[in-house]
Amino acid sequence: MKLVFPTLEYKERAIEYIREFYEYGSEINGSGSLDRFLRESDYESWLQKVISDLDVANIPKSRVPALTYFFVRETDDRIVGMINIRLALNDFLRTEGGHIGYSVRPTERRRHYATQMLTAALGVCDVLGIREVLVSCDKDNPASAGVIRNCGGVLQRETYSETYGGTLQMYVIRRQSPD
């Protein structure tokens, strides 16, 4: 498994990835808004957005710089998951979103991919110097909570989210400074 920065080469695989969520009636998280761009625009516009999310000096005040990756199985080059790593937090992300959002395609769940993907993303956070990583999940999603706890997450708080219409759990994963 590997993290892959989105390119035009992955267009059809990315569209198929999002399509599977619709087919299974599953919520889409951590896609860097790929699902919205495919509804309202196109993959190429989304790629431009992903690249502009890296332009730290020119991020609009309502957004934060971020990295978005596909989590790809190397044996067949299939997108198994997506992960979005926010390099800074605004008020909303501090209370409801956290540093990392992720998803695993419905047909690939329960195979420990989410734990592998979150572990890889935490490695990116280590390189970036993010030592206290916030990760949230819906209280009604014990699988996601388990993934976060498996990666060292400690429950910080539970709050009701008007945005998501349910109780969110916010975990903190403390990382060691490299020696």
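Along the sequence shown, residues carry numbers from 1.
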Closest non-hydrogen contact found for N84 with G32 is ND2-CA, 3.8 Å

Test your reading of the model: is there a side-chain donor-acceptor pair from E132 to the backbone of I173, 3.5 Å cut-off?
no

When you check the gap from the basic side-chain N to the acidic O, do R157 and E96 get nearer than 4.0 Å?
no

Please say whether the positively charged group of R19, taken as NZ for Lys or CZ for Arg, lies over the ring of Y22, i.e. under 6.0 angstrom from the six-membered ring centre and within 45 degrees of the axis.
no

Which one of L89, L128, I85 satisfies the side chain to side chain contact (heavy atoms under 4.5 Å, CB included) criterion with H99?
L89

Ring centres of Y43 and F37 under 6.0 Å apart?
no

Residues S31 and D35: closest non-hydrogen pair is OG-OD1, 3.1 Å

Any idea which heavy atoms bring V104 and M117 closest together, and the distance?
CG2-CE, 3.7 Å

When you compare the side chain of E16 with that of R105, does any pair of heavy atoms fall below 4.5 Å?
yes

Does the side-chain contact (heavy atoms from CB on, under 4.5 Å) test come out yes or no for Y171 and C151, once each step is laid out?
CA-CA 11 Å; Y171 289 84; C151 291; over 6 Å; no

In terms of side-chain geometry, is the basic nitrogen of D77 or R73 positioned less than 4.0 Å from the acidic oxygen of its partner?
no

Kindly indicate whether the side chain of S26, heavy atoms from C-beta on, has any atom under 4.5 Å from the side chain of R109.
yes

How about CZ on R110, more than 12 heavy atoms from neighbouring residues, nucleotides or ligands closer than 6.0 Å, or not?
no

A quick test of your reading: do over 12 heavy atoms of other residues, nucleotides or ligands sit less than 6.0 Å from CD of E158?
yes

Quick check: closest heavy atoms across S161 and L168, and the distance to 0.1 Å?
CB-CD1, 3.7 Å

Search all heavy atoms of T115 against all heavy atoms of N150 and return the closest pair with its distance.
OG1-ND2, 4.1 Å

